[in-house]
Amino acid sequence: MSSKSISRPYWLSVIVIGLGLVCLWGGLSLPAASRYAGIGPGAVPTFIGAVLVVLGLLLAIQIYRGEPFEAQGTENADPNLPMNLRAFLLALVAAGLPILTLKSFGLPLAAMVSFALVARSFGSTRLGWDLLTGLILGLLSWFLFDRLGLQLGGLLPLAGI
Amino acid sequence: MNSFEYLLHGFGVALEPMNLLWALIGSALGTMIGVLPGIGPALTIALLLPVTVSIAPTAAFIMFAGVLYGAMYGGSTTSILINTPGEAGSMMTALEGNRMARSGRGAAALATAAIGSFVAGTLATLTLTFVAPLVAELAFIFKPADYFALTVLAFCSVAVVMGTSRIRGFISLFIGLGLGVVGIDKLTGQPRLTYGVAELLDGIELTVVLVSLFAIGEILFVASRYSQARETPLKVSGKWMTREDFSRSWKPWLRGTVIGFPMGALPGGGSEIPTMLSYTLERKLSPKPEDFGHGAIEGVAGPEAANNAAAAGILVPLLTLGLPTSATAAVLLAAFQNYGLQPGPFLFTSNPDLVWGLIASLYIGNVMLLVLNLPLVGLWVKLLSIPKPQLYAGILIFALIGIWGVSGSEVDLIVMLIIGIAGYVMRVYDFPIAPVLIGLILGPMAEYQLRTALASAQGNPMTLVETPISITFLAIAALIFLAPALLRRLRANA
C-alpha cells in the first residue's frame, strides 16, 4: 500500500454487483414460487443475487471510507513488492494457452510450452532445459494418468496418435 | 456391535496389504506437499480426485487421510527449518521453532513437533472413534429444517471467521453459493444460470473451482510478487529431545489436543485459531515465559499438537453430518460424492468397511508419519532444493491435468482461467478463499433441505424455526456475528 494516497478499488464492488445482477437476472426468469413448496427454482438464485448486490454496495461504502486492502502473505511472495506485470502476464498466458493448444497439440506439447512460460515468468533463463523438463513431465504424466484411466486426449493429435 | 468392535473390524480392513500401501503413499505424498510451498492438502486431494475412477473408495479415502495428516507433519518441518509457514496453522510453530533451530536446537524442535503431532493425532483419532458414532446417532433425529439451520450456521461461521472482513467473507461465500446454483435444478429439472451454455448444465465442478483458486490463483500471485530471496534450510542440529525437553513438552501436547480437536470440528475453526490459542495459553502457563520469542519448546509443542488435532476434528462433522468445515473437508466431501456416497449418519451403517477402515487407517497413518518424519527428515528437506520456477511450472501442469482429466472440455479450461484470475484478485485484496468452496458444495444441500422442509409444511416458513434444534443453530449463527470483535482481541494479545 503506497503511503501517498489510499487506493480506492471501486471496480471490486462493480464486479460484485455485476455478479449479483447476473444471478438476479437468471433467478427472476425462473418461477419463484411453486404450488405447494412455497419457493420454486428461482427463489434461491434471486436471493443470492440480491444479497450480492447489497454486499457490493456495502463494499463500495467501505472503500469510500478508506478501508485498507492488504495482499495475503504466502510463501515465496512478498506482498509489499509492486506488481510485476510482465511476470503476471507471462503466467497468465501459460494458464490460458492450453485452451487453444491442449486439444489440437495434445498434453505433452501443451505442457512443454506452458511449463517453459511459467518458469520464464519466475525468472528462469534456461529456456531449452525448461522446454525439455516440461515435455518429459507432460509425457510421464500422460502415460501415468492414462494408465489410471483418465481421458487426457491424444498423445500427439497432429500425428494422429 | 459397539464402537470398539467396529474399530477392530476397521483395522482388519486398513491392515490389508494394498490398503497399507495406499496409506503409505498418502502419508509420503502428504509430507511432501506439506514441505513444498504453493501446494496444500486441499489442492493435492483435488488433483488426486480423478483417480477415484479406478480405485475403490476405501483405498482412496485411506490415501486422502494420509495426505491430510501428512501435510500437517510436513508443514512443521518447513516452518522450523526455513521460517516460512506453509499454512496458517504452522505460523505459530515458525515463531518459536525457527528460533530453536537457529540456536542449534533444530533437532529438538522437529522432535517435539513430530511426537506432538503423533500424540495429538492419535488422541484425536481415539476421540473421533467414540464421538463420531454418537453424533451420527444424534443426526438421525435431524429434520430437513434442522439440517438447513445447521448449514446456515456453517455459512455464517466460515464467512465471519475466515478472513479479516465480514463483508469480504460474505462476498466470498455468496459467490460460492451462486456458483453452486449453476446447472440443472435437482427438484424441478430446470436449467439455472446456464445462459445457454450446454457444458454448464452439469453444474460447476468443485475440483475446477478449487484447482483454479488454489493453483492458478497462487501461481499468478506469486509470479507477480516473486521474492527471489534465497532461503537455505538450517541444518538439523543439536540433540533429539532431552529429558527436560520432554518434561516441558508433554503437557502442551495434551493441552494442544484438547484445544485443537473441538475447534477443528467447528465450522470455520480451521487450524489458525486453535494454534494461536494454544500458543497464547502456553506462554501464559510456562514456568519460563521469558524463553518465548527466543525458542521456547512449549511454543512448538502446543501449536503443533493443536494443528494435528484440528485436522482430525474436521472429520467429525464431515463423516457424521456431511458438513465440511474447511477447504480440505469440502474436497473430501466432493470425493464422497464422486463415489455416489453421502457422508452422514447413514454412512456408518451402509458402508462400515469404508468408515471404520478410514478411522483405523488414521491410527496407522500416524505411526507411519512419525517414522517418515523423524529419522527421514533429511530426505524431505532435500525437496526444498527444487528450484522455484520449475516447481511452480510443475504445479501448473498438474492443475491442467486435474481439470482436463475430469471432462476434457475447453469450457472447463476457460472457467479455470477466469476463476484463476479471480483467485489472484482475491489474494491481492484479501478475500478469504475457503468460503467460496464451502458455499459451492454446501449451497445445493442447504437449498435442497430448505425446499424439502417448506414442501412438507405446505410452504409455511414458520416450519424453519419450529424445533429446538433449528432454533439453537440459528441463534448461534446470529451470535457469530459478534465473534469478530472477540477475535480481534485475541489477535492483539497473540
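Here the structure is a predicted model, which means the values were calculated and not measured. Chain naming here is simple, since letters A, B, ... match the order of the sequence lines and numbering starts at 1 in each.
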Region of B:Leu177 in contact with chain A, defined by heavy-atom distances below 4.5 Å: both
Where on A:Leu89 is there a heavy atom nearer than 4.5 Å to chain B: the side chain, the backbone, both, or neither? neither
Could you check if a side-chain atom of B:Trp404 sits within less than 4.5 angstrom of a side-chain atom of A:Lys103, using non-hydrogen atoms only? yes
Under 4.5 Å from any heavy atom of chain A, what part of B:Pro444 do you find: side chain, backbone, both or neither? neither
Side chain / backbone / both / neither for B:Ile397 at chain A, heavy atoms under 4.5 Å: side chain
Do B:Ile219 and A:Phe122 pass the side chain to side chain contact (heavy atoms under 4.5 Å, CB included) test, and can you show the C-alpha distance, the side-chain angles, and the key distance before you say yes or no? CA-CA 10 Å; B:Ile219 291 168; A:Phe122 277 82; 4.3 Å; yes
Is it the backbone or the side chain of B:Ile171 that comes under 4.5 Å from a heavy atom of chain A, or both, or neither? both
Ignoring hydrogens and angles, tell me if any N or O in the side chain of B:Arg192 forms a donor-acceptor pair with the backbone of A:Gly27 under 3.5 Å. no
The reported gap from CD1 in A:Ile39 to CG in B:Leu454 (rounded to nearest 0.5 angstrom) is 5.0 Å
Atom pair OG (B:Ser54) and CZ (A:Phe145), whose distance is rounded to the nearest 0.5 Å: 10.0 Å
Interface moiety of A:Leu58 toward chain B, non-hydrogen atoms closer than 4.5 Å: both
I need the A:Ser121 OG to B:Leu396 CG distance, nearest 0.5 Å. 9.5 Å
Are there over 12 heavy-atom neighbours, none belonging to B:Tyr429, within less than 6.0 Å of that residue's OH? yes
Under a 4.5 Å cutoff for heavy-atom pairs, which residue among B:Thr194, B:Leu220, B:Ile421, B:Val181 has the most contacts with chain A? B:Leu220
Heavy-atom pairs under 4.5 Å with chain A, option from B:Leu400, B:Asp412, B:Ile55 with the top count: B:Leu400
Tell me which of these, B:Pro191, B:Gly178, B:Ala393, has more heavy-atom pairs under 4.5 Å with chain A than the rest. B:Ala393
I'd like to know which of A:Leu19, A:Leu107, A:Leu100, A:Val51 tops the heavy-atom pair count under 4.5 Å against chain B. A:Val51
Considering only heavy atoms, which portion of B:Thr452 lies under 4.5 Å from any heavy atom of chain A: side chain, backbone, both, or neither? neither
With a 4.5 angstrom heavy-atom cut-off, is it the side chain or the backbone of A:Ala94 that approaches chain B, or both, or neither? both
Which heavy-atom pair separates A:Ile99 from B:Glu410 by the least distance, and what is that distance? O-CG, 3.6 Å
Whatever's closer than 4.5 Å to a heavy atom in chain B on A:Phe115 counts as both
For residues A:Asn84 and B:Arg225, determine if any side-chain heavy atom of one lies less than 4.5 Å from a side-chain heavy atom of the other. no
Do you know the tightest heavy-atom contact between A:Ala77 and B:Phe221? CB-CE2, 4.1 Å
Shortest non-hydrogen separation from B:Asp430 to A:Glu70 and the atoms involved: CB-O, 3.2 Å
Looking at B:Gln390 and A:Ala119, what are the two nearest heavy atoms and their distance? NE2-CB, 4.3 Å
Within the structure provided, determine whether B:Pro389 and A:Arg120 are in side-chain contact (heavy-atom separation under 4.5 Å). no
Assess whether side chain to side chain contact (heavy atoms under 4.5 Å, CB included) is satisfied between A:Leu81 and B:Ser227, documenting all intermediate values. CA-CA 8 Å; A:Leu81 283 176; B:Ser227 91; 4.3 Å; yes
Is there a side chain to side chain contact (heavy atoms under 4.5 Å, CB included) between A:Asp78 and B:Tyr226? Walk through the geometry before answering. CA-CA 7 Å; A:Asp78 181 351; B:Tyr226 182 47; over 6 Å; no
Counting heavy-atom pairs under 4.5 angstrom with chain A, the leader among B:Asn460, B:Ile401, B:Val425 is B:Ile401
Whatever's closer than 4.5 Å to a heavy atom in chain B on A:Pro82 counts as backbone
Report yes if the side chains of A:Leu92 and B:Leu417 come closer than 4.5 Å at any heavy-atom pair, otherwise no. yes
Region of A:Trp25 in contact with chain B, defined by heavy-atom distances below 4.5 Å: both
For chain B, the option from A:Leu117, A:Ile15, A:Val16, A:Leu102 that forms the most heavy-atom pairs under 4.5 Å: A:Leu102
For B:Met416, which atoms come within 4.5 Å of any heavy atom of chain A: side chain, backbone, both, or neither? side chain
Using 0.5 Å steps for rounding, measure from the CG atom of A:Leu12 to the CZ atom of B:Arg168. 9.0 Å
Near A:Tyr10 OH, under 6.0 Å, is it more than 12 heavy atoms from other residues, nucleotides or ligands? yes
Sort out for me which of A:Ala91, A:Pro9, A:Ala95, A:Cys23 touches chain B most, counting heavy-atom pairs under 4.5 Å. A:Ala95
Apply side chain to side chain contact (heavy atoms under 4.5 Å, CB included) to the pair B:Lys388 and A:Ser124, showing each step before the final yes or no. CA-CA 9 Å; B:Lys388 298 297 173 302; A:Ser124 166; over 6 Å; no
Can you see whether B:Tyr392 engages A:Asn76 through a side-chain donor-acceptor pair at a distance of less than 3.5 angstrom? yes
Whatever's closer than 4.5 Å to a heavy atom in chain B on A:Ser114 counts as both
Taking side chain as C-beta onward, heavy atoms only, is A:Pro41 less than 4.5 Å from B:Arg451? yes
Indicate the atoms forming the closest heavy-atom contact of A:Leu137 with B:Gly394, along with that distance. CD2-CA, 4.0 Å
Which pair of non-hydrogen atoms, one from A:Leu59 and one from B:Phe431, has the smallest distance, and what is that distance? CD2-CZ, 4.2 Å
